[in-house]
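When a ligand or atom number is given, it counts from 1 through the structure's own listing order. On a predicted model such as this, the values are computed, not experimentally measured, just so you know. Reckoned from all heavy atoms, side chains included, excluding hydrogens, waters and symmetry mates.
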Amino acid sequence: MSPRTRHVAVIGAGFAGLAAALRLAQAGARVTVLDALERPGGKAALGYEDFSSGPTVVTMPQVFRGLHARLGLELPPLEAARPTTTYHAPGGRTFAPEALHVAGSLEPTLAQLSRQEARDYTRLLRAARRMYRDAAPTFLFGPPPSRLQLARYALTRGYRAAPWQSLARFVRSGPFLTPFWLRFATYLGADPYRAPAVLHNISWVELGDGVWHLEGGLGALAGRLHARAAALGVRFEFGTRVQLLSAHGGRVLGAHTSRGAFAADAWVSAADRALTRGWLGLPPDRAPRGLSGFALQLRLAADRGHAHHIFWPADYAREWRDLRAGRLPGDPTLYLHLDGDRAFLLVNAPARPEIAGNPREYGGFLLRQLQARFPLEVSEWQPLSPADYARTGVGGALYGQAPHGLRGSLRPGWRLPGARNLVQVGGTVHPGGGVPLSLLSGWNGAGQLLGLGYDDLGDRDVPGDDETWATWVP
Ligand SMILES: Cc1cc2nc3c(=O)[nH]c(=O)nc-3n(C[C@H](O)[C@H](O)[C@H](O)COP(=O)(O)OP(=O)(O)OC[C@H]3O[C@@H](n4cnc5c(N)ncnc54)[C@H](O)[C@@H]3O)c2cc1C
């Protein structure tokens, strides 16, 4: 290890910061993690202590397996969610797709659709797989791509991602299925009507490879990673808010924090990239912020098992008109995660922390909306508004800048000007938002600081690569 990376400060104890701290500590660095919150987990660590306050959908199980293997930790059981999610249309129709690799066939999914819908579903799933396979090596399982790599992707495969088309046009497939396909773009904070067609690849991760239930949930995973890091000697300074980074000669020398000055040889910022830019005195990015969320953590009177549900509004496009106007939607898409005697209800919200007013009021409205469609006995609940999520990122945006337009869908890289000894990681930069990608980014950003090669934490096999695919598609 270079003497310049002996003492590393990691800002942020979310999934990316924890992964970075662990890799650095395993390599023998002295590591201190600074976080403004009181406990590890970042976006998963607000509200009730025994709940995740954010991530509930587990995808890319190979990343979790790989990380646990690298750390010598035992991974709790991971079970495939069957179906992936149940979708409820306002008229009472439901759709419960099975992930192709889990079910081993498309038949149970297609049997729920009309003949035309089944044709569209197969066509769009095929397109999602193709886009994912084309994009994954460059945009997910490697360091931030160079200009040359981008040009190579654009020339050899990029044209197959329909760069001239919007997502909304690309996935047009009738009133029942179109919102279904559009919604996957929100996993990166996009307004689906402003997203490029290439974001359609996100759906493959869930519908091809599967959604998983991780025993204990993602909040517990953060606790496990934190305990492992502490056992390796990582020091955690919770309740420490970074206010400014002082740099000289292209290197960051120290941080001004709410608990005094702090010095280190090298830095990982695993906080929102927009915050890091501000601390370094760099001008803000011009790209608009992506979506925030409004959530309820619900304690239930009885154990309701494990499941994901989506309840569509009467008019999906109208929800987006509300969000674009900066309003909380009057008739939002409801996402519900059931996890034993706990549940998590989430709707899209604009990244405007001031918007919620009295969060219990809108929260109560959401609860009534849910109970009208899905009876659920709730013993206790609390709301989490964009103002709560703003504690972990600018404006409460869950994934940083909005991935709109073709350029917007490229996630920013890991370096910032004037800070050669700082690596920026996490859900607001490459390879993107979501827990598995944030873990990959933290692990590999730290690897870059240590001069190590890229480690994709799993196997490079892109789901859907095997030849059995051909027999699965009728
Ligand atoms: C409601 C919601 C639902 C989601 N659903 C899913 C899902 O189902 N599946 C999925 O995979 N992902 C989901 N996500 C996204 C996922 O949670 C994030 O992409 C991921 O947790 C990001 O991790 P991170 O470590 O990059 O950032 P964060 O978790 O944001 O961590 C950043 C850390 O930096 C700290 N910090 C910020 N400012 C300062 C400061 N000034 N000083 C010191 N520390 C600071 C914060 O306190 C925080 O702990 C969801 C997110 C939310 C909020």
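Counting atoms of ligand 1 from 1 in the listed order, those under 4.0 Å from a heavy atom of Gly12 are 33 (C), 34 (O), 35 (C). Distances below 4.0 Å separate heavy atoms of Leu346 from the following atoms of ligand 1: 1 (C), 3 (C).
Assignment of Gly427 to the shell around ligand 1 is supported, since a heavy atom sits closer than 4.0 Å. Distances shorter than 4.0 angstrom do not occur between any heavy atom of Asp272 and any atom of ligand 1.
By the 6.0 Å and 45° rule, Arg360 stacks over the aromatic ring of Trp381. In this structure, Arg342 forms a cation-pi arrangement with Phe51, its terminal cationic atom sitting closer than 6.0 Å to the ring centre and no more than 45° off the ring axis.
No hydrogens or angles considered: nothing links the side chains of Thr178 and Tyr316 as a donor-acceptor pair under 3.5 Å. A side-chain donor from one of Thr32 and His7 sits under 3.5 Å from a side-chain acceptor of the other. If you check the side chains of Arg415 and Gln448, you find a donor sitting under 3.5 Å from an acceptor.
Looking at Gly434, Ser438, Gly432 and measuring to atom 22 (C) of ligand 1, the nearest heavy atom belongs to Ser438. Comparing Pro55, Ala295, Ser269 by heavy-atom distance to atom 5 (N) of ligand 1, the nearest is Pro55. The residue among Leu46, Val242, Thr186 with a heavy atom at the shortest distance from atom 41 (N) of ligand 1 is Val242. Counting only non-hydrogen atoms, the option in Ala222, Pro436, Gly189, Gly54 that gets closest to atom 52 (C) of ligand 1 is Gly54. Of the options Asp35, Leu34, Val57, Val58, the smallest heavy-atom separation from atom 8 (O) of ligand 1 is shown by Val57.
In terms of protein heavy atoms, atom 29 (O) of ligand 1 is closest to Lys43 N, 2.9 Å. Scanning the protein for heavy atoms near atom 32 (C) of ligand 1, the closest one is Ala270 O, 3.3 Å.
Under 4.0 angstrom from ligand 1, there are no non-hydrogen atoms of Tyr187.
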Could you check Glu237 against Thr257 for side chain to side chain contact (heavy atoms under 4.5 Å, CB included), going step by step and ending with a plain yes or no? CA-CA 11 Å; Glu237 300 285 353; Thr257 80; over 6 Å; no

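With respect to the salt-bridge test (charged N to carboxylate O, under 4.0 angstrom), the residues Arg299 and Asp50 qualify.
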